[in-house]
Amino acid sequence: MTKGVKVAGLLFVIALFVVPAFAMQQPPSPPDGFVPASSLPGQEQLPAAPLVIVAYAVVWLLVLGYLWSIWNRLARAERELADVSRRLAAGQRR
Amino acid sequence: MKKLFLPLLIVTAALFAYAPFAIHYAPYESTMGLVQKIFYFHVPSWIAMFCAAVVCGLAGAMVIFAGRKDADRVAQAAAELAVVFGLMGLLTGPLWGRKAWGVWWQWDARLTSALVMWLVFVAYLLLRKYGGAGSEKLSAVLALFGMANVPFVYWSVNVWRTVHPKTSVVMTLKPSMGIPFLLCSVAFVALFTVLLAARVRLENVRASIDELYLSLED
């Protein structure tokens, strides 16, 4: 097992335990009365645009990253296939 | 499939190039506003994940009952895609939920069952990587369990009380929202098909290498 895979595995296991702890947060309790939007705390006026941009960026990064990964692995495998075929052909000639 | 690959790749690229314009011109949802636009990539990513889970499960069944090695390669490719598309859904969902519900995550039936289904496919990949000889059949059984989760995850919002929108949302979309959604769904399913073909090719090349190494040893 390579060091990178070990680190990734360790991070994954830690995430499995840590994420639920953060995710268990409960939604804030409802207000006693109606509150004008202008007097809401900053957290409630959360702008939507950064969330939308991050969501689309995540999707594009995952698609492009995965495409690069397949491309890379396929190129390496095809190089190895050509190399083994050459060695096999050389062995048969002898 | 080889002849279809390039046209499908071009169609997929064209759909993804057009998708941002279709999403931009789709109207804002009345209660959620701009953040609802995450829906146009979030739901199609789960549709692609379900496709991957079903393909993986069916290929796994062929491995168990018919001992097909080519099906094993398809199952392995589909499991990896299930993890990738599932990760897209699991990351984009909380970004939408933070604005719409006020929290990143809720341990309700839909979100938890979707996470469990994704973990099943992560387990499949870990088993394939570190399971050693004979892990094909064990992981094929895991693939069947993963596929069996699909209807539970899909109908969970209709059966249990949950903060997540129901499945009827998609069926009742107005054309101005429905057409961009359909376009994005087709784009994601096309992307899934293209990636599956490329990933299966990688497995086929690896299988050829293994065969050649065996010939070299002989």
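Computed from heavy atoms alone, side chains included, the values below leave out hydrogens, waters and symmetry copies. Below, read A as the first sequence line, B as the second, and so on, with proteins coming before strands; counting in each chain starts at 1.
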Structural part of L115(B) lying under 4.5 Å from a heavy atom of chain A
neither
As an exercise: rank L51(A), L61(A), I70(A) by heavy-atom pairs under 4.5 Å with chain B and give me the winner.
L51(A)
Determine the interplanar angle of the W60(A) and F16(B) rings, folded into 0 to 90°, and report it as parallel if under 30°, tilted if 30 to 60°, perpendicular if over 60°.
perpendicular
Just wondering, do L67(A) and L195(B) contact through their side chains at under 4.5 Å, heavy atoms?
yes
Distance-minimising heavy-atom pair for I209(B) and A77(A)
CD1-O, 3.2 Å
Per-residue contact mode, V58(A) against chain B (heavy atom under 4.5 angstrom):
side chain
Of all heavy-atom pairs between A55(A) and T92(B), which one has the smallest distance, and what is that distance?
O-CG2, 3.5 Å
Give, for atom CD1 of I53(A) and atom CG of L95(B), the distance between the pair rounded to the nearest 0.5 Å.
11.5 Å
Given the options L87(B), L191(B), V35(B), which has more heavy-atom pairs under 4.5 Å with chain A than any of the others?
V35(B)
Who among A48(A), P50(A), S85(A) has the most heavy-atom pairs with chain B under 4.5 Å?
A48(A)
What part of S69(A) gets closer than 4.5 Å to chain B, counting heavy atoms only: side chain, backbone, both or neither?
neither
Check whether V122(B) gets within reach of chain A through its side chain, its backbone, both or neither, counting any heavy atom under 4.5 Å.
side chain
What is the minimum heavy-atom distance between V52(A) and L34(B), and which atoms define it?
CG2-O, 3.7 Å
Given a strict heavy-atom distance threshold of 4.5 Å, which part of W71(A) is in contact with chain B: side chain, backbone, both, or neither?
neither
Work out which heavy atom in V205(B) is nearest to a heavy atom in E78(A); give both atom names and the distance.
CG1-N, 4.0 Å
Chain A contact via F85(B) - which portion, at a heavy-atom distance below 4.5 Å
neither
Return the minimal non-hydrogen interatomic distance between L74(A) and L202(B), and the atom names on each side.
CD1-CA, 3.5 Å
Quick test of your reading: applying salt bridge (Lys or Arg N to Asp or Glu O under 4.0 Å), list the pairs with at least one residue in residues 178-200 of chain B, sequence neighbours left out, ordered by first then second residue.
E80(B)-R199(B), R199(B)-E203(B)
Just give me the residue among L91(B), L126(B), I38(B) that pairs up with chain A most often, heavy atom to heavy atom, under 4.5 Å.
I38(B)
Below 4.5 Å from any heavy atom of chain A, which atoms of S215(B) appear? Answer side chain, backbone, both or neither.
both
